[in-house]
**Student:** 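For reference, the structure I am asking about is given below.
Naming: A, B, ... by sequence-line order, numbering from 1 per chain. Small disclaimer: the values here were computed from a predicted structure and weren't measured.
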Amino acid sequence: MAGPSTTPVRVLPRTPSLGRTYVRSLLAPRDGDALDLPRRSVEVRDVRADAGRLAAFARLCGFPLRAELPLPFPHLIGFGLQVDLLVREPFPFRLLGLVHVRQEFEQQRPLGADERLDVRVRATGLRPHRRGATVDLVTEVRPAGQDGEPVWRGLSRYLARGVTFPGTPAPAPAPLPAPEGPGALWRLPADLGRRFAGVSGDVNPLHLSALTAKALGFRRALAHGVWTASHSLAALGGPPPAAARFAVEFAAPVLLPSTVVHVVAERELAGRPGWSTAVRSRDGSRLHLTGRLEAL
Amino acid sequence: MSVPADPAAAPVPEGRLPRRAAILGGNRTPFARAGGRYAEASAQDLLVAAIDGLVARFGLAGEQLGEVVAGAVLKHSRDLNLTREAVLSTALSPRTPTYDVAQACGTGLEAAVLLANKIALGQVESGIAGGTDSASDAPIAVDDGLRRVLLALQRARTPQQRLAALSRFRPRQVVPATPRVTEPRTGLSMGEHAARTALQWHVSREDQDLLALESHRHLAEAYERGFFDDLLTPYLGLRRDDNLRPDTSLEKLAKLRPVFGRDEEGPATMTAGNSTPLTDGAAVVLLASDAWAAEHRLDVLAHLVDAQTAAVDHVRAGEGLLTAPVFAVPELLRRNGWTFDDLDLVEIHEAFASTVLATTAAWEDEEFCRTRLGLDGALGTIDRKKLNVVGSSLATGHPFAATGARILASTAKLLAERGGGRALISICAAGGQGIAALVEAP
């Protein structure tokens, strides 16, 4: 059986700079003939959260600056590797235009803000979708130098629209329950995408300005899904359970600037504490995000 | 219709509260010199970290406490509900009520006294008290002239009024106002005030340096023997107070140049070594009734017996800005029938080494005690072996509002370690104020 230890790994000396990788993605488009995923994973070793970036992320998303990393934070370290995998490995889809449809953050225990970590990203789960095909980029985080089960795991599911992939699309999984009722108003400023790009390094033009978003077919800039997900989690208040999973599904994108509504409901799952969240447009007509936090 | 007070109503017996609040433990972040390890953390982040650690140590996740009381000296105007917002980010039940208090450097201890009094009266059974401060993340306000222009602009209804408001704008108003540690009514910094008091009480440079050295030695020893293992939670990579200099010496301290009192007529003796630095950090204590502690199977370290505040006239009478505890302590002891001989531990907050030494000198001065404190003779001498035995603010640093809770938690633990005894805590504060408290092992 092919476990993580038998998968070939390309180790990067440091987390890649995203600006350059994006340019590369624009200049070298994929031919899209081969629908195979890269077999290699990419990894950075012995890294830790940059203190300034961590503080900026916490401030922007509404987390207090704790001794432990906010549950979504390792995704930011892994995101550079995701982009590197998409651009430098033989990946079947172009980076620009991929739609983030689902994100999971999962920890077996909270990671220390100054803990040294190995971060690895691999691609898996290429499957047909009614609007194209989806692929899962899985980020695994382990204490530096340790093998075994990851202590943190992230799953980012991206949709490549218009791709034809052999097979019948699996029936859509049961959507996460979206709580109803009155919620909190979030007034999102026009520069939110730029500010999150400054923290995350994700300089995807979709989030930077109305002009760059228009070039990609949107009326205005979009809020970054990882920001919306992180802010939803931060809005739950206290720290998540020590072992926890936060899963979100992205529906309609949030255009900037805008005012949206965030709803939370406490919902036990199999006797364990859990919370459901949803982000909707102010008039309630559009669902932007549903999320579920559960203790493991 | 009002009812006249009944002159025959029984007075409250002095020094007797209905019941005493128990101190069950405490937690703090390590303290960091300003602009250092915690440069990116807000006062609220620090308070969350201190409460988080306390919640973890005492198994309080999901617990609805009677109340949480805390404050900060350097406070942003947006932080009007600082403690409430902090609690909502902790694992405590969001149904735990809170309030903010402010008494300059007395904030942490005053918060504990307020909570202890509510526990004594049976109004709450449990709670957390403390304080937090970040000198790194200090608020910066717009120039007051600009603020007035903006407010007038907001009120203006006609173009003429708007123009009139704008005409009061001056380019220099764009420079923001940063908070200063100067007394509004004297224009002097706290250090300059303390230097005057040091001269008045003939406090020598050598004695100040020696007290600073002992503070560092005591704190280093306390860390070595693990005293702080259950009083502190590491934060952002810091495990100990980074102001601590275990290897400092009298020679090193003697080399430092005086920074305060250089304009006074007399020797300038106060240096960066015998004054506290600007510091970031937060500290909290867990207080409860004995019954709540027993229900939760938690040990009582000590009880908060009584407390007293005082203030001096530093503006018109020229009394030492930081000498209010000189007046609070004798009244507190008298009311409870205690003397210095009854004390096993004495904690005097080391705002400056000279503050501690001027305070003890005043209590040893027969004439001062007779004329100013109304005593028959000198209040007495503090045995240096009982003073600040695990170090104090000169070594740990002094995030203003956090200091009271730091001292209270350490004192309660010291009494529990001894298996009995009585302690006095004395803290001076800006504005010519001070607060003192008595603590006793159960």
**Student:** Could you pull out all residues at least two apart from B:N243 that satisfy side chain to side chain donor-acceptor pair (under 3.5 Å)?
**Tutor:** B:R33
**Student:** Are there over 12 heavy-atom neighbours, none belonging to A:R282, within less than 6.0 Å of that residue's CZ?
**Tutor:** no
**Student:** Counting only non-hydrogen atoms closer than 4.5 Å, does B:S89 touch chain A with its backbone (N, CA, C, O), its side chain (CB onward), both, or neither?
**Tutor:** both
**Student:** For B:R239, is the CZ atom crowded, meaning more than 12 foreign heavy atoms sit under 6.0 Å from it?
**Tutor:** no
**Student:** Count the heavy atoms belonging to other residues, nucleotides or ligands that lie under 6.0 Å from CG of A:D147, then report whether that count exceeds 12.
**Tutor:** no
**Student:** Count the heavy atoms belonging to other residues, nucleotides or ligands that lie under 6.0 Å from CZ of B:R225, then report whether that count exceeds 12.
**Tutor:** yes
**Student:** Please list, in residue-number order, every residue in residues 64-84 of chain A that has a heavy atom less than 4.5 Å from any heavy atom of chain B; write 'none' if there are none.
**Tutor:** A:P64, A:L65, A:R66, A:A67
**Student:** Can you tell me which of A:L54, A:L236, A:D114 forms the most heavy-atom pairs within a distance under 4.5 Å of chain B?
**Tutor:** A:D114
